[in-house]
Amino acid sequence: MKKILTQLLLFTGLVFSQNEKHLQNIKQLTFGGDNAEAYWSFDSKKLTFQSNFRKWNSQCDQIFMMEVKKASGDSAYKPKLISTGKGRTTCSYFMKGNKKILFASTHYANDSCPPQPVNIPGKYLWPIYKEYDIYVSDLNGKIIQQLTNTPGYDAEATLSPKGDKIVFTSDRSGDLELWVMDPDGKNQKQITFGLGYDGGAFFSPDGKKIVFRASRPETEAEKKEYLDLLHQGLVSPTKMEIYTCNTDGSDLRQITHLGKANWAPFFTPKGDKIIFSSNHHSSRGYDFQLWLINLDGTNLEKVTTESVFNSFPMFSPDGKKISWSSNRDNGNTRDTNVFIADWVE
């Protein structure tokens with residue numbers, strides 16, 4: 001009977017866990033492929049995300065938009081393609097007004113998907129494609145504006161809740177640093193300067209602070225390895241901590257001191273805590289759960305317990321729901337899907 005009930009819940013998109021007290025009425029919104037970085041529209045009705053689901057004709061990550069209400073009740077729901085379908089994309093985000101979407105893409109340089117990085121034994125690596133630039137599209141997939149055009153990597157852009165600033169990651173200064181710019185691409189300014197990868201940044205609910213992930217190589221050997229990989233268009237994300245700063249880069253603070261990979265941070269609706277993904281607790285390495293922590297680094301609390309990958313958490317602007325990506329309930333495949341839940345303090 002339990003097995004039949006579980007199958008029924010999966011079919012309807014409803015999943016429950018008694019061990020995840022902050023998450024109620026969990027619903028699965030995608031059902032195949034790798035679906036990640038699902039971020040809410042300002043009216044809390046839509047999600048924009050990246051996917052490589054072959055049934056949607058994606059050869060590599062493309063940007064899609066879903067209506068949450070429709071996706072919640074239909075496992076066959078097909079979201080709308082927002083990117084061009086060419087090149088590779090990453091890190092989409094709604095603009096104010098919910099009629100435009102921000103994302104990075106390589107399509108201008110080449111129609112084809114860029115090559116995957118050459119595997120280095122014993123190293124987990126992320127590609128840093130120099131062809132990435134940041135674009136704004138309308139909801140019909142028409143590119144309206146290109147915001148960056150400098151040589152090198154420009155990606156990971158998100159918008160302030162106030163709509164007045166975009167934060168993004170760029171290697172134009174020789175390192176992967178945080179930059180800010182106006183929504184029209186003007187007044188681009190570097191705000192972090194420490195050697196290491198600074199990325200995945202988001203604004204606080206009041207728009208005054210930024211939270212992000214960062215690596216900080218310490219020894220000469222670590223610094224050399226980091227720079228050598230960066231020159232190859234690669235970064236090893238296995239050792240990162242969570243940081244905050246003001247929107248001008250001042251008051252830089254390291255929030256976590258956990259070791260291993262701590263990433264994908266986001267402020268809670270009240271702005272008094274940070275939710276993030278981490279494998280610091282795991283001896284296997286690949287076991288990422290969501291965690292909560294106070295802004296002063298105290299009161300670490302585990303949020304998820306199901307599956308071995310949970311990441312990219314984001315709260316809806318109304319503070320009622322949370323979205324994240326997980327490989328739970330994927331039928332023993334390698335699929336990672338988008339989930340939402342009611343958030344319980």
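Quantities reported herein were computed from a predicted structural model and do not represent experimental measurements. We number each residue from 1, following the sequence as shown. Reckoned from all heavy atoms, side chains included, excluding hydrogens, waters and symmetry mates.
When only modelled atom types and interatomic distance are considered, Thr150 and Asp154 share a side-chain donor-acceptor pair under 3.5 Å. One side chain, His22 or Glu301, offers a donor N or O that lies under 3.5 Å from an acceptor on the other. Thr192 and Glu177 are linked by a side-chain donor-acceptor pair at a separation below 3.5 angstrom, with hydrogens and angles left out of the test. Glu241 and Thr256 form a side-chain donor-acceptor contact under 3.5 Å, judged by distance and modelled atom types alone. In the model, Asp287 has no side-chain atom that pairs as donor or acceptor with a side-chain atom of Asn279 under 3.5 Å. Donor-acceptor pairing under 3.5 Å is recorded for the side chains of Ser326 and Ser307. Between the side chains of Arg328 and Asn337, not a single donor N or O lies within less than 3.5 Å of an accepting N or O. Between the side chains of Asp175 and Tyr226, at least one donor N or O lies within less than 3.5 Å of an accepting N or O. Using modelled atom types and a 3.5 Å distance limit, the side chains of Asn98 and Lys45 yield no donor-acceptor pair.
Of all heavy-atom pairs between Gly87 and Pro114, the closest is C-CD, 4.3 Å. Between Ser278 and His280, the closest heavy-atom pair is OG-ND1, 2.7 Å. Phe42 approaches Pro161 most closely through the heavy-atom pair CE2-O, 3.8 Å. Summarising the geometry of Phe64 relative to Gln62, their closest heavy-atom pair is CD1-O, 3.4 Å, with the distance given to 0.1 Å. Minimum heavy-atom separation, Ser160 to Gly207: OG-CA, 3.9 Å. Ser44 and Trp40 get closest at one heavy-atom pair: O-CZ3, 3.5 Å.
The closest donor-acceptor contact from the side chain of Ser137 to the backbone of Ser83 lies at 3.5 Å or more, if one exists at all.
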Report task. Kindly indicate, with the supporting measurements, whether the criterion side chain to side chain contact (heavy atoms under 4.5 Å, CB included) is fulfilled by Trp324 and Phe312. Result -> CA-CA 5 Å; Trp324 79 104; Phe312 306 114; 5.6 Å; no
Requested in this report: Begin with the C-alpha distance, continue with both residues' side-chain angles, and end with the deciding distance and a verdict on side chain to side chain contact (heavy atoms under 4.5 Å, CB included) for Trp56 and Lys78.
Outcome: CA-CA 8 Å; Trp56 297 339; Lys78 182 179 179 180; 3.7 Å; yes
Query raised in the report: Can Leu125 and Leu229 be said to form a side chain to side chain contact (heavy atoms under 4.5 Å, CB included), step by step?
Result: CA-CA 9 Å; Leu125 301 171; Leu229 287 173; 4.0 Å; yes
Report task. Go through Phe276 and Trp263 one step at a time and tell me if the ring-ring contact (aromatic ring centres under 6.0 Å, His included) criterion holds. Result -> CA-CA 6 Å; Phe276 64 101; Trp263 61 303; over 10 Å; no
Query raised in the report: Can you list the steps and then say if Lys165 with Asp182 is a salt bridge (charged side-chain N to carboxylate O under 4.0 Å, His left out)?
Result: CA-CA 5 Å; Lys165 287 292 180 183; Asp182 296 341; 2.8 Å; yes
Query - Worked check of side chain to side chain contact (heavy atoms under 4.5 Å, CB included) between Ile274 and Leu292 - result: CA-CA 6 Å; Ile274 295 166; Leu292 281 172; over 6 Å; no
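Counting only heavy atoms from C-beta outward, the side chains of Ser72 and Ile340 approach each other to under 4.5 Å. At least one side-chain heavy atom of Ile101 sits less than 4.5 Å from a side-chain heavy atom of Leu139. Contact of the Arg172 side chain with the Thr148 side chain is registered, since non-hydrogen atoms from C-beta on lie closer than 4.5 Å. Within the 4.5 Å cutoff, side-chain heavy atoms of Leu23 are placed close to those of Thr304.
Here the CG-CD1 distance, from Leu29 to Ile26, works out to 11.5 Å after rounding to the nearest 0.5 Å. Ser277 contributes atom OG, which lies 9.0 Å from atom CE of Met240 (distance to the nearest 0.5 angstrom). In this structure, Thr336 OG1 and Phe53 CZ are separated by 12.5 Å, a value rounded to the nearest 0.5 Å.
There is no path of hydrophobic side-chain contacts, each under 4.5 Å, that joins Tyr129 to Leu234. In this structure, Ile255 is a member of the same hydrophobic cluster as Leu300, with clusters built from ILVMFWY side-chain heavy atoms closer than 4.5 Å. A single hydrophobic cluster is seen to contain both Trp126 and Leu227, as judged by linkage of ILVMFWY side chains at heavy-atom distances under 4.5 Å, directly or through other members. Hydrophobic clustering keeps Ile134 apart from Ile144 (ILVMFWY residues linked when any side-chain heavy atoms are closer than 4.5 Å, directly or through intermediates). Note on Val118 and Tyr153: separate hydrophobic clusters, where clusters join Ile, Leu, Val, Met, Phe, Trp and Tyr whose side-chain heavy atoms are under 4.5 Å apart, directly or indirectly.
The ring-ring contact (aromatic ring centres under 6.0 Å, His included) contacts involving residues 68-97 comprise Tyr39-Tyr93, where partners must be two or more places apart or lie in separate chains.
In the hydrophobic clustering (ILVMFWY side chains linked at under 4.5 Å, chained through shared members), Leu252 is joined by Val167, Leu178, Val180, Ile191, Phe203, Ile210, Phe212, Tyr243. Within the hydrophobic cluster formed by Ile, Leu, Val, Met, Phe, Trp and Tyr side chains joined at under 4.5 Å, directly or through other members, Val344 stands alone, with no partner residue.
Between Lys321 and Asp342, at least one side-chain nitrogen of the basic residue sits less than 4.0 Å from a carboxylate oxygen of the acidic one, meeting the salt-bridge criterion. We find that Lys239 and Glu218 are not joined by a salt bridge, their nearest charged nitrogen and carboxylate oxygen being 4.0 Å or further apart. Comment: Asp248 does not engage Lys189 in a salt bridge, judged by the lack of any side-chain N to carboxylate O separation of less than 4.0 angstrom. In this structure, Glu345 does not pair ionically with Lys273, as no charged nitrogen and carboxylate oxygen lie closer than 4.0 Å. At a threshold of 4.0 Å, the pair Lys223-Asp228 does not count as salt-bridged, since none of the basic side-chain nitrogens sits closer than that to a carboxylate oxygen.
Aromatic ring pairs are classed by plane angle as parallel below 30°, tilted from 30° to 60° and perpendicular above 60°; the pair Phe315 and Phe266 is tilted.
Under the side-chain hydrogen bond (donor to acceptor under 3.5 Å, both in side chains) rule, Asn35 has a single partner from Thr30, Asp335, Asn52, which is Thr30.
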